[in-house]
Amino acid sequence: MPADANPSGDIFGGWVLSQMDIAGGIHAGQRAQRRVATVAIEAMHFIKPVHVGDVLCVYAASERVGRTSVAIRLEAWALLRRLGDRVKVTEGIFTFVALDAEGRPAPIASARQVEASQFQTPDRSSDQ
């Protein structure tokens with residue numbers, strides 16, 4: 001991790017942003033039920049530094065859902081020195097576009113389709 005920090009032990013903001021992008025992409029992909037790509041980052045605020053030895057936790061929630069894009073509100077919190085206080089360090093809104101197999105914008109699944117897919121059990125017939 002020292003390669004991702006400055007000489008004072010502060011983690012680079014770009015590394016924190018990349019972790020938020022990964023978390024946002026997972027959330028957006030689950031919501032869209034397909035591959036997604038980041039198209040915009042808005043309102044990014046670095047509130048406090050993250051230090052080497054802190055644990056970064058990223059939380060995501062859908063902010064807006066359009067026909068082919070979804071905006072995800074992300075908050076990054078740090079557990080100071082792995083076991084200490086939990087403090088909010090960064091927040092922002094990331095927008096992702098859903099993509100088809102050719103990489104073109106594609107419709108996002110309806111909320112009902114997403115809900116139905118979350119309660120399907122895997123086919124276990126191949127386990128026998």
Side-chain angles (χ1 to χ4, degrees):
M1 186 167 331
D4 296 317
N6 66 24
S8 299
D10 298 327
I11 301 297
F12 293 130
W15 184 87
V16 174
L17 185 139
S18 71
Q19 301 308 300
M20 294 173 74
D21 190 38
I22 291 167
I26 291 168
H27 186 86
Q30 289 173 337
R31 176 59 186 87
Q33 293 290 290
R34 58 176 62 237
R35 186 175 80 149
V36 297
T38 309
V39 293
I41 299 172
E42 56 187 280
M44 193 73 185
H45 299 282
F46 293 94
I47 302 163
K48 294 185 184 252
V50 178
H51 303 284
V52 171
D54 292 347
V55 174
L56 188 70
C57 306
V58 181
Y59 302 93
S62 297
E63 180 86 359
R64 295 181 306 271
V65 179
R67 193 179 76 75
T68 61
S69 66
V70 58
I72 307 296
R73 176 174 296 282
L74 293 155
E75 292 184 356
W77 292 70
L79 293 173
L80 304 180
R81 295 168 301 286
R82 291 185 297 278
L83 302 172
D85 293 335
R86 190 175 80 115
V87 297
K88 186 195 277 190
V89 294
T90 311
E91 63 184 5
I93 299 173
F94 290 53
T95 302
F96 298 85
V97 65
L99 301 172
D100 66 13
E102 286 78 43
R104 294 184 301 245
I108 290 179
S110 72
R112 181 171 287 162
Q113 290 170 316
V114 173
E115 188 176 304
S117 73
Q118 292 174 345
F119 294 106
Q120 291 178 350
T121 57
D123 178 16
R124 301 260 186 229
S125 61
S126 61
D127 293 345
Q128 299 175 1

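Numbers here simply count residues along the sequence, with the first being 1. No experiment lies behind these values; they were computed from the predicted model shown.
Note that CD1 of I108 and CZ of R31 are 6.5 Å apart. Values are rounded to the nearest 0.5 Å. Atoms CZ and CZ, on F94 and R73 in that order, are 11.5 Å from each other to the nearest 0.5 Å. Atom-to-atom distance recorded for I41:CD1 and F96:CZ is 7.5 Å, nearest 0.5 angstrom. Atoms CG and NE2, on L80 and H51 in that order, are 7.5 Å from each other to the nearest 0.5 Å.
Scanning all heavy atoms of the two residues, the minimum distance from A60 to I72 falls at CB-CG2, 3.8 Å. The two residues P49 and D10 make their nearest non-hydrogen contact at CB-OD1, 4.0 Å. Shortest non-hydrogen contact noted between D54 and R81 is OD1-N, 2.9 Å. Of all heavy-atom pairs spanning R34 and A98, the tightest one is CD-CB, 3.4 Å. H27 approaches S62 most closely through the heavy-atom pair NE2-OG, 3.1 Å. In terms of heavy-atom proximity, M20 sits nearest to G92 at CE-N, 4.1 Å.
The cluster map of Ile, Leu, Val, Met, Phe, Trp and Tyr, joined by side-chain heavy atoms under 4.5 Å apart, puts L56 and W77 in different clusters. When the side chains of ILVMFWY residues are joined at heavy-atom separations under 4.5 Å, either directly or via intervening members, I22 and F12 end up in two distinct hydrophobic clusters. In terms of hydrophobic clustering, with Ile, Leu, Val, Met, Phe, Trp and Tyr side chains grouped at heavy-atom distances under 4.5 Å, V65 and I26 are assigned to different clusters. V55 and V50 are members of different hydrophobic clusters when ILVMFWY side chains are connected at heavy-atom separations under 4.5 Å. In the hydrophobic cluster analysis, where Ile, Leu, Val, Met, Phe, Trp and Tyr join through side-chain heavy atoms closer than 4.5 angstrom, V58 is grouped together with V70.
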(request) Would you please test I47 and T90 for side-chain contact (heavy atoms from CB on, under 4.5 Å) and show each step? (result) CA-CA 5 Å; I47 302 163; T90 311; 5.9 Å; no
